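To keep things clear, I will list the structure first and then write my remarks on it.
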Amino acid sequence: MEVRISIVVALVTLCVYVSGLPDVIRIGGLFHPADDKQEVAFRYAVEKINNDRTILPRSKLSAQIERMSPQDSFHASKKVCHLLRSGVAAIFGPQSAHTASHVQSICDTMEIPHLETRWDYRLRRESCLVNLYPHPTTLSKAYVDLVKAWAWKSFTIIYENNEGLVRLQELLKAHGPYEFPITVRQLGEGSDYRPLLKQIKNSAESHIVLDCSTERIYDVLKQAQQIGMMSDYHSYLITSLDLHGVDLEEFKYGGTNITAFRLVDPEGPDVKRIVRDWSLGDGRRKTDSNLDNNTFVKAETALMYDAVHLFAKALHDLDTSQQIDIKPLSCDALDTWPHGYSLINYMKIVEMRGLTGVIKFDHQGFRSDFALDIIDLSREGLKKIGTWNSTEGVNFTRTYGEAYTQIVEIIQNKTFVVSTILSSPYCMRKDSSEKLTGNAQFEGYAVDLIHEISRILGFNYTIKLAPDGRYGSLNRETKEWDGMMKELLDQKADLAVADLTITYDREQAVDFTMPFMNLGISILYRKPIKQPPNLFSFLSPLSLDVWIYMATAYLGVSVLLFILARFSPYEWDNPHPCNSEPDVLENQFTLLNSLWFTIGSLMQQGSDIAPKAVSTRMVAGMWWFFTLIMISSYTANLAAFLTVERMDSPIESAEDLAKQTKIKYGALKDGSTAAFFRDSNFSTYQRMWSFMESARPTVFTMSNVEGVDRVVKGKGSYAFLMESTSIEYVIERNCELTQVGGMLDSKGYGIAMPPTSPFRTAISGAILKLQEEGKLHILKTRWWKEKRGGGSCRDDTTKASSTANELGLANVGGVFVVLMGGMGVACVIAVCEFVWKSRKVAVEERVSSILHDT
Ligand code: GLU
């Protein structure tokens, strides 16, 4: 019984179903003559549904096509009414905003589903409209996500019309007020965009968001290429979803980053099959379509195909729940189609896969949940490098290795312009009798370095000197860079290879590789002057005080010895031992003898006089002990004093420099060394900076060579704050100069390149390789110690050290002077003694002579 009831129910249902939909369901398509592809897609979709009996098993769709001008809204309204009169179940198109709004309002009135596939920011929730185009706000978010993923700090938006600004409003909103400014420029009406592009080029902007119709993309890019805005450092984000339809052949090898989103993957199996069908379709369709050699599917075309399928699927679903009849409607009557809203609701709840991915609508009826491919132009054409979807955002699928390989490939065909300046030993003019040209004119560490890097990566290069010969400093008023930095920022050079220090300010403006050399600031000063040896340098081991104390001690001890000898009875001797009862006793310690005894022992020579009493022996013993210690100390110190050269250096460190004002000091003007002192928070360096700034004449030099010259000519009145590596080079060759103190900071030289240069990683890798292979060390030794007079001061020092132990007459001359002086005094005394004795004899003998005379 139950089985019978179910069969009956099933038959009734089948009956209802079978009779539910009319055999032929008309659907209207409104197209502009230029939109032939839309029309083809529409027809093809209808044909496909009719052939595939699973979608609408009993009914066939019939395409009612009306063509009209995109501007002619009057005719558009008439054509819609005409379609409605013929009894259509839905209206598809048109693409132009002018006509679409009229069509939509008629459909709204008549409650006829209106399916659109165009970008329309005025999407309304309650209407008969179903728009398959991704929702503008969500699409806009995709651009924001991509720009954020790239971490673009500043960029310029080029837009065509106000709609473009609406499309990019999320991007404008996402930009914080404190971030770098973004520039918004409108593409002019005509076809010459060069003036606008030139202005953008002059602003040194390299990140461009281009929002214009797909047809204009090629022209804009071509003109950008003509004015030099398609370099390796420029990046374009193109908002069109149809970039794969633009001929980008000419831009493939330029190295410019051209990126866009796409909704339809032309490589997808379904798309490929459909495109093949279109191209190989019957003669009628082929002539109609102009799709002959073109495999490109516009997003809107694919959306039209999906729209017809969506309609068919929703109709099928609606048919299972209600009886549908389609009737002709008149625009003049108040009649509406009762199934219109139901069908629209079904369309909005249906979920299906189409050519444009999963088609589903959010609770507001907008297509906000969709996925896009991120495509990037490479040598092989547009390549998918990632995906974006509304929930997960950007997801790059290109691996680091792939990106790296691509960059290395690009590098191999490049000729880089290498900016540098003449600075020994990094880049110097080659000495040659012949006239040299090109890279052959130069030699040096930087020249060899770039040569080694080019060998590893396989690029060519041309060395170009920066016109102003400066490293690069930021003018804080004009906000402009000079020197090599300017060359990079103006994109007149691709690399700057020199002793260019990596600093925070520079790193903000350009890209640096990892450092190839480490260094720090130090002081270049003339070597301490050798003091000429003192004639009386034998006196140096003891200070004057000690000499005076010694002399006092000598006299004191001698006198004490004399006195004690007088007191002590044991020092009184019998002058005539044979006479046991002498009248007079004799004491050997006269004052002169005491002095002789003490001097004899002080000179380590002794004398015939020897103390006999305990008291005098005590004095003698203590004096001997004293002399032992004094003489050994003197001898030990004398050796050191006579052999060590006395150097006179007024400064030993930066602190010493800061403390004084006699010795002037300066640095290279606008270099990183000067910037270090200018920006330092350390009080000593701040003081030094104020001193340098206020010094007149200026202490800043235009080059390192000038600084070195000033130190040499200044003869101790000027010290130059210079980078340790350069100091090392100078003191290897100029033996008068030396480095004073240690390093004040620690930093490195790097190769600079324009901001967001794609080659940074590859060049950094090459530097690392050279470092690991020891090549950098070899280069340093070659240019510092070997070439161009390297090592000449090393000979000087070895010579000096080998003769260090020999004492010249100048060192010991004083002793000879003393000896001669002593001899002279002795002679004078001898004469005095002789005169004295003669006089005494004469006085004694004068009497006899007088007597004899009388
Ligand atoms: N290497 C420095 C620079 O890149 C120049 C020399 C200096 O400032 O001592 O600015």
Side-chain angles (χ1 to χ4, degrees), residues 418-428 444-446 449-450 465-466 468-476 480-489 493 495-525 654 657 664-680 685 688-689 692-693 698-711 718-731 737 739-753 780 783-784:
V418 176
S419 178
T420 189
I421 57 166
L422 291 174
S423 155
S424 310
Y426 303 95
C427 178
M428 300 165 284
Y445 180 92
L449 176 68
I450 193 67
L465 294 179
D468 57 3
R470 315 287 306 150
Y471 288 87
S473 62
L474 178 70
N475 182 327
R476 295 192 180 233
E480 285 207 358
W481 287 90
D482 62 5
M484 289 182 275
M485 291 288 292
K486 184 173 163 61
E487 292 284 285
L488 294 178
L489 292 169
L495 303 170
V497 187
D499 49 333
L500 185 68
T501 313
I502 305 171
T503 63
Y504 175 76
D505 279 353
R506 288 176 183 163
E507 175 71 46
Q508 296 300 302
V510 296
D511 278 356
F512 276 100
T513 58
M514 58 170 304
F516 57 83
M517 198 179 275
N518 295 313
L519 60 130
I521 297 172
S522 197
I523 304 164
L524 180 75
Y525 193 54
L657 265 187
K664 297 265 183 301
Y665 47 91
L668 180 90
K669 187 172 181 290
D670 298 332
S672 59
T673 303
F676 166 81
F677 285 94
R678 186 192 61 214
D679 303 334
S680 176
Y685 302 150
M688 288 173 78
W689 175 246
M692 287 192 261
E693 258 196 324
T698 179
V699 287
F700 295 108
T701 64
M702 294 311 284
S703 67
N704 276 343
V705 176
E706 191 191 324
V708 174
D709 262 11
R710 260 178 101 161
V711 177
Y718 184 80
F720 189 53
L721 293 154
M722 201 180 183
E723 285 166 333
S724 56
T725 39
S726 305
I727 293 184
E728 231 177 280
Y729 177 77
V730 170
I731 62 177
L737 304 180
Q739 175 177 336
V740 172
M743 291 199 257
L744 311 188
D745 64 349
S746 167
K747 49 202 178 188
Y749 294 144
I751 296 179
M753 50 197 78
K780 174 127 196 248
W783 289 105
W784 263 253

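Both ligands and their constituent atoms are indexed starting at 1 by order of listing. The structure presented is a predicted model; accordingly, all values stated were derived computationally and were not measured.
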Practice problem: Mind telling me whether Y749 and F516 have parallel, tilted or perpendicular rings, with 30° and 60° as the class edges? | Solution: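 The rings of F516 and Y749 sit tilted, inter-plane angle from 30° to 60°.
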Quiz item: Where does the angle between the aromatic ring planes of Y685 and F676 fall among parallel (under 30°), tilted (30 to 60°) and perpendicular (over 60°)?
Solution: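 Answer is tilted, since the angle falls between 30° and 60°.
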Quiz item: Which residue, W689, F677, Y665, forms the ring-ring contact (aromatic ring centres under 6.0 Å, His included) with F700?
Solution: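 Only match with F700 under ring-ring contact (aromatic ring centres under 6.0 Å, His included): W689.
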Self-check item: K780: partners by salt bridge (charged side-chain N to carboxylate O under 4.0 Å, His left out), with sequence neighbours left out
Solution: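 Result, salt bridge (charged side-chain N to carboxylate O under 4.0 Å, His left out) vs K780: E728.
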Quiz item: Mind checking what makes salt bridge (charged side-chain N to carboxylate O under 4.0 Å, His left out) contact with D745, not counting sequence neighbours?
Solution: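 Counting only residues at least two positions away or on another chain, D745 forms a salt bridge (charged side-chain N to carboxylate O under 4.0 Å, His left out) with K747.
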Donor-acceptor pairs under 3.5 Å, side chain of residues 517-525 to any protein atom, not counting sequence neighbours: which ones?
from, atom 1, to, atom 2, distance (Å)
S522, OG, Q739, NE2, 2.9
S522, OG, G742, O, 3.0
Y525, OH, G716, O, 2.5

Quiz prompt | Contact residues of ligand 1 (heavy atom under 4.0 Å), by chain and number | solution =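 Around ligand 1, where the cutoff is 4.0 Å for heavy atoms, the contacting residues are Y471, D499, L500, T501, R506, L668, G671, S672, T673, E723, Y749.
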